[in-house]
Every structure is written in C-alpha cells, then in structure tokens.
Amino acid sequence: MGTAAAQTVDVVHWWTSGSESKAINVFAEEFKKRGGTWIDSAVVSGQAARASAMNRIAGGDPPSAAQWNAGVAVRKLAEEGILTDLDDLAAAGNWEKVLPPLIVKNNTYDGHIVAVPTNIHGNNWLWYSTKIFSEVGAEPPKTWDEFFAVADKIKAKGYIPFGLGGEPWQEGLLFGVILAGTAGKDAYRKIYVDHDAELAGGPGTVKAFETLRRLQGYVDEGHAGRKWNDTTMLVASNKAAMQIMGDWAKGEFVAAGLAPGKEFGCVLAPGAQDAYILTVDVFVFPKLQDEAKVKAQRLLAEVMMDPAVQVRFNQFKGALPARLDADVGTLDPCAQAGQKVLADVNNQIPNTALGFNNDVEGQINDLVAQFWTTPEMTAADAAKQFADIVANADL
C-alpha cells in the first residue's frame, strides 16, 4: 500500500462560501504536502453537514473528520462513545497551555480531549461601510444610543442603515450580541454558563428585546430569508451601512477585494467592546477500525493544530487562531484588535453553542425569530419565555 493511500482522510464540513473554501483548502494543501490524500465532503449549511456526518456514522461509514461547533453538542457526541480521544497529541503539543480555558473545557469529556479547535470567531463585530460613514460624517457607534443616532442620519441619506439576513440563527446571533451589551458580560456569562434563569428574565434581557424591536425600523424589506454573506455584500457594495455578524464576514469582504480600515471598518458591537463572544470551529474524529485511516486522522489533527497553518487558514477565514501562541502579526488590523480583547480571559464569553445543547440553542433562535416576526409580542413576554428556556435547559 502506497503512502498516499495509507494517509487518506474524508472530511465533512460546511465551509462552502468563497472565503471559507479558500480557508479549508489551506488544510487540504498542507495535508497533501505531508503525504496525504484529502477527500472533500463539503455539505452546504452546518445543520445538514452535522446530519450527514451522523448518518454516515450510523450507517457504518464514518468520515475521518467532521466539523462541529465547540460546545455541549461535541461533549454529547463523546458521551455516545463515537469519538476517538486525542490525549497523546494534546499532551505532546501542550494544548492545555496554548488554548483558552473555555475551549479546553468544551473540548474535554470525561478527562479526554475529543476535538481539534481550528479557529476562534468573535460573534460581536460591527462591520461598516467607510464610504457611507464618511458621507454622513459619522463615527462607528460605541453605544446603542449612538447606533440609532447614526442610523437615523444614514436613513435620511437613503441608504439601508442596518443589513440583516433573516434566518433564525442570524437573528439569534444578533440577540446574543445585543444582550452582551445591554446586560453586561458578567450577567451574560451567568445566563449562558450557569443557566441563571432569574437573570435571563431580568431587565438586561428586556432591554435587549426592546433594542431588537427598535432595529426593525432600520432594515430593508428584502432581509427575510437572506443569507449572511449576501447581506455582507450589501455593506461591501455600499448599499447598507452596517452589519453585526461574526468575523467570518470579514473573509467575504476580503474575498471581494476590499481592505479592512479602507473600504470597510470593524469595531466590536455597541456596549460590548470589552467582550469577545466565542464561536469555535472544531473537528471531531469518529472512531475508525482501519489502522492506516487512524494514522491519517492523527496526521490531520497535527496539521490543524500547527500554529503556522492556523494563521494561514485564518487569513482567509477571518477568524483568530484557536492557539493563543500563534503569531498574528501577519493578520489584518481587525484580527489584531480582536486578539487584544481576546487575550484577557475575563473578556472571553461563550456563544449559544458553548452554553447550551443544540435543542436549547434551537429554542432560543426560534423565540428570537418569532419575536422578530410578531409585532404584538412584547419585550417583557419574550424575556419571560427566554427565562423559561434557560430554566429548563437540560445539560
């Protein structure tokens, strides 16, 4: 058996947009360079990719590696006994020292390391068109009051003040970002990590829903069902002034030939400039019987955890390396600003997937989407329902 055949990996992932394809290709090329063969099993959308991986595992044809978001769902997979542990690689590479504690905790099940984190996205970025901001003479907003004052000026000029894609996960992400600003990062952390139902129904949450309702006056009619990257393109083409989205959006700006600090700007979202809401992409490695395939899995894990490879990958992905010891000096100004905030452990707060299982995450997204489309639902009603979901969140 030749080396290439002995080192074949079949990788399930959902990175299919322009910038994402370039990013995953960094891993593929590096794996090939080290003597391997890469089979790309891309599936459009996270939900569909995870379902595809699970179906293959159930059907006795598991992929070598599957993309997941770090959090409760990964620990559930480990609990089902379907993931190989990576303890020896983690010990040899000192992963515990080079990864943020929040990631180590969520990559560990029953004392074993069960996933490889490739990047840290910040959910709470505000992207803006420098052309529109310069035209209206505005500075990027630091508070929600400033945001609405700027949005009014932009609206008066005939631009879309706020670009939003209308899908439950996007609305759910936006709500989490607003909540970090209105409740503060400590209350936010207690809700998402400790499942504090009282805080979940408190004034910070009511204020978050009120802010979300107010935003409805600043989006365009075409937002319903629109994908996040199509919305990013509205900002990139100076049709919309602002978008709140994770820093995967930056990859799309760059892929469109725009430079951060020139054609588009980046600041952390209003009220949450000292917080970094982590979305962490990881790869899990289903248990395989074939020894050659197991070897290939381990080579892939080493490639993905290589600090220099993570830097190259994230130049396209728009995120930060999962390894805090990676040299981000070659990354763009937005990434470097993000790294400064991320470097303080007190600023690291979890996204919904790090705090709740898939089912609860779905309930939160559905509640936010329902609130968005139901004008008669009050912010107080929505906060009460949010508190009920958090109270019943069963880990």
Side-chain angles (χ1 to χ4, degrees), residues 4-32 34 36-86 89 103 106-107 109 113-119 121 169 227-229 246 248 251 279-290 292-305 309-310 313-314 316-317 319 322 353 357-358 361-362:
Q7 300 279 37
T8 296
V9 288
D10 177 347
V11 183
V12 172
H13 64 90
W14 61 81
W15 283 329
T16 55
S17 82
S19 59
E20 292 172 334
S21 302
K22 285 181 176 168
I24 187 80
N25 201 41
V26 169
F27 290 140
E29 288 305 316
E30 184 63 30
F31 187 72
K32 288 175 200 165
R34 298 188 193 187
T37 300
W38 175 285
I39 298 169
D40 198 75
S41 295
V43 180
V44 176
S45 106
Q47 209 174 346
R50 290 187 289 267
S52 163
M54 290 308 289
N55 290 340
R56 287 184 55 181
I57 290 165
D61 174 33
S64 312
Q67 182 188 355
W68 234 263
N69 282 129
V72 178
V74 167
R75 299 207 299 273
K76 291 274 183 211
L77 293 178
E79 198 182 308
E80 288 171 33
I82 56 184
L83 300 185
T84 191
D85 78 61
L86 306 161
L89 290 177
I103 294 184
N106 279 283
N107 268 6
Y109 174 73
I113 301 285
V114 293
V116 170
T118 55
N119 52 289
H121 279 297
W169 75 265
K227 291 187 163 49
W228 69 269
N229 48 322
W248 47 90
T279 286
V280 182
D281 288 299
V282 300
F283 281 82
V284 294
F285 296 80
K287 284 181 177 163
L288 301 175
Q289 300 308 315
D290 183 318
K293 286 183 177 172
V294 172
K295 263 189 180 159
Q297 279 182 321
R298 307 186 88 64
L299 177 63
L300 179 61
E302 284 173 8
V303 164
M304 288 177 162
M305 272 301 282
V309 176
Q310 284 200 0
F313 165 82
N314 283 298
F316 295 112
K317 192 70 181 74
N357 64 32
N358 283 351
E361 185 177 11

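Side-chain atoms are counted along with the backbone in the values below, which use heavy atoms only and exclude waters and symmetry mates. These figures come from a predicted structure and were not determined experimentally.
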**Student:** With sequence neighbours excluded, tell me which residues meet ring-ring contact (aromatic ring centres under 6.0 Å, His included) with H121.
**Tutor:** W248

**Student:** Is there a side-chain contact between R50 and W14 (heavy atoms, below 4.5 Å)?
**Tutor:** yes

**Student:** Using a 6.0 Å cut-off, check whether atom CD of E80 has over 12 heavy atoms from anything other than its own residue.
**Tutor:** yes

**Student:** Is the shortest side-chain heavy-atom distance between R75 and N106 below 4.5 Å?
**Tutor:** yes

**Student:** How many angstroms lie between atom OG1 of T118 and atom NE2 of H13, to the nearest 0.5 angstrom?
**Tutor:** 11.5 Å

**Student:** Which of these, V12, V294, D10, sits in a side chain to side chain contact (heavy atoms under 4.5 Å, CB included) with S64?
**Tutor:** D10

**Student:** Let me check something: any side-chain donor-acceptor pairs from residues 21-28 under 3.5 Å, sequence neighbours excluded? List them with distances.
**Tutor:**
residue	atom	partner	partner atom	Å
S21	OG	S17	O	3.0

**Student:** Heavy-atom count check: over 12 atoms from other residues, nucleotides or ligands less than 6.0 Å from K32 NZ?
**Tutor:** yes

**Student:** Taking the side chain as everything from C-beta on, heavy atoms only, tell me whether V282 gets closer than 4.5 Å to V74.
**Tutor:** yes

**Student:** W15: which residues meet the ring-ring contact (aromatic ring centres under 6.0 Å, His included) condition with it, sequence neighbours left out?
**Tutor:** F283, F313

**Student:** For the residue pair P63 and I57, establish whether any side-chain heavy-atom pair is separated by less than 4.5 Å.
**Tutor:** yes

**Student:** Indicate yes or no: at least one non-hydrogen side-chain atom of R34 is less than 4.5 angstrom from one of L299.
**Tutor:** yes

**Student:** Tell me, do Y109 and L77 make a side-chain contact under 4.5 Å, heavy atoms counted?
**Tutor:** no

**Student:** What distance separates I113 CD1 from L83 CG, expressed to the nearest 0.5 Å?
**Tutor:** 12.5 Å

**Student:** Do Q47 and N358 have side chains that approach each other closer than 4.5 Å (heavy atoms only, starting at C-beta)?
**Tutor:** no

**Student:** Do V11 and L300 pass the side chain to side chain contact (heavy atoms under 4.5 Å, CB included) test, and can you show the C-alpha distance, the side-chain angles, and the key distance before you say yes or no?
**Tutor:** CA-CA 10 Å; V11 183; L300 179 61; 4.0 Å; yes

